[in-house]
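These notes concern the structure reproduced below.
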Amino acid sequence: MTTLFDRHRLGGLELPNRIVMAPMSRVRAAAGGLATPSMAAYYAQRATAGLIVTEGVQPNLVGQSNPGTPGLHTDEQVASWQSVTDAVHTNGGRVFAQVMHGGRVSHPDTTGLQPVGPSAIAAVGEVFTPTGPQPAPVPRALELSEVPEQARSYADAARRAVDAGFDGVELHGANGYLISQFLSSNANLRTDSYGGPIAHRIRFAVEAVAATVDAVGAARTAIRLSPGGTFWGIEEKEVPELSGALLTELARFDLAYVHLTATAAEEVLVGLRRAWPGSLVVNPVMPMGPKQTDRAAADHWLGLGADLISFGRAFLANPDLVERLRTGLPLAPADPDTFYQGGDTGYLTYPAYQHTA
Ligand SMILES: Cc1cc2nc3c(=O)[nH]c(=O)nc-3n(C[C@H](O)[C@H](O)[C@H](O)COP(=O)(O)O)c2cc1C
């Protein structure tokens, strides 16, 4: 049986194990969306992962969801990421940037711009702003002529990511952000070629992927999806059919991987495994749910056909997670109070396992 410690070929990379660090926003970027030396240290501490996927990174200003997140749309941002990718590579690791366009999950107080979305329908809940949480604003519905430009923003960010030394990019198609909004049946009420039937709702995702493949190659392109996820008031109808149709379209590209979160019933996800011929990463728990990914959930999903397993909170709190899993050492718990707090506490302060003499 496949184990977490078997090697795996992913796009052009040879991974030494099947443990992926899941993307996690930590909102510690410097002004201007710049990566910092602390971010380089944080990712370098976790370079024993088979693959690191960074926090969500905005591809343009209007796509910024939270204050304090980094970007990949200016030359300064590219230069700042170079020290992060260098640090990870120096420590023997591999790293993809997660390109995350927030769409309607954003705020003018954060970006200076009215958020955009498939339709003028606000997300459910409060979004973070520089002055604290505020109700999600009503976004401006993208004009038909503007949609391709937003799809291309993922590709432009991917090009910059490769310039910055990243091994590839994961498009954030999950958790209620822009791609997920287009897939949705209640955030996307468009009546043009991007809304309505399944073939239309998947179009934006497919165009974003196609543009990214064009820009940096399929081996450097991946996508994360949360089938049936309900984040920020998103509803997805016809989950198996929608996700199945999307994966069938994406199978035309020889992508590095598809990354699924466990937001649908197990039999639906297993069906999607069968529909996707390439490498599959599974994050086997409900995102932000009470139970975090552990060894048992990982082994269960490797048994069901996942090629790789992503660990979020366990990796956040255990920089030596790979070694701890390999040798059965206990895992340190993550401290939610420092997830988005800024500073190095709860960021660089989680130690490797301390062996007592
Ligand atoms: C602090 C934090 C930030 C997160 N930010 C992102 C993000 O930027 N992009 C994303 O796709 N998922 C994000 N997630 C979700 C994780 O990738 C993962 O799906 C979730 O934590 C469940 O996995 P776990 O039990 O292994 O932590 C975040 C999770 C946490 C805890």
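Nothing here was measured: the structure is a model prediction, and the numbers come from that model. When a ligand or atom number is given, it counts from 1 through the structure's own listing order. Both backbone and side-chain heavy atoms feed into the values below; hydrogens, waters and symmetry mates do not.
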(Q) Donor-acceptor pair, distance only, cut-off 3.5 Å: does the side chain of Glu55 make one with the backbone of Val57? (A) no

So what's ligand 1 close to, N/O to N/O, under 3.5 Å?
unit_1	atom_1	unit_2	atom_2	d
ligand 1	5 (N)	Ser25	N	2.8
ligand 1	8 (O)	Ser25	N	3.3
ligand 1	8 (O)	Ser25	OG	2.7
ligand 1	8 (O)	Gly56	N	3.3
ligand 1	9 (N)	Gln98	OE1	2.8
ligand 1	9 (N)	His172	NE2	3.4
ligand 1	11 (O)	Gln98	NE2	2.9
ligand 1	11 (O)	His172	NE2	3.0
ligand 1	11 (O)	Arg224	NH1	2.7
ligand 1	12 (N)	Pro23	O	3.3
ligand 1	12 (N)	Arg224	NH1	2.9
ligand 1	14 (N)	Pro23	O	3.3
ligand 1	17 (O)	Pro23	O	2.7
ligand 1	17 (O)	Arg224	NH1	3.0
ligand 1	17 (O)	Arg224	NH2	3.3
ligand 1	19 (O)	Arg224	NH2	3.1
ligand 1	19 (O)	Asn283	OD1	2.6
ligand 1	23 (O)	Asn283	OD1	3.2
ligand 1	23 (O)	Asn283	ND2	3.2
ligand 1	25 (O)	Thr293	N	2.9
ligand 1	25 (O)	Thr293	OG1	3.3
ligand 1	25 (O)	Arg313	NH2	2.8
ligand 1	26 (O)	Thr293	OG1	2.7
ligand 1	26 (O)	Gly312	N	2.7
ligand 1	27 (O)	Arg313	N	2.8
ligand 1	27 (O)	Arg313	NE	2.8

Tracing side-chain contacts under 4.5 Å among Ile, Leu, Val, Met, Phe, Trp and Tyr outward from Trp232 reaches Met100, Val105, Val127, Tyr177, Phe231

- Item | Test log, rule side-chain contact (heavy atoms from CB on, under 4.5 Å), inputs Ser310 and Met21 | CA-CA 5 Å; Ser310 67; Met21 179 175 168; over 6 Å; no

In residues 212-221, what donor-acceptor pairs under 3.5 Å come from side-chain atoms, sequence neighbours left out?
unit_1	atom_1	unit_2	atom_2	d
Thr212	OG1	Ala208	O	2.7
Arg220	NH1	Val216	O	2.9
Thr221	OG1	Gly217	O	2.8

Apart from Val124 itself, members of its ILVMFWY cluster (side-chain separation under 4.5 Å) are none

| request: Over 60° means perpendicular and under 30° means parallel, so classify the ring planes of Phe204 and Phe182, tilted if in between. | output: parallel

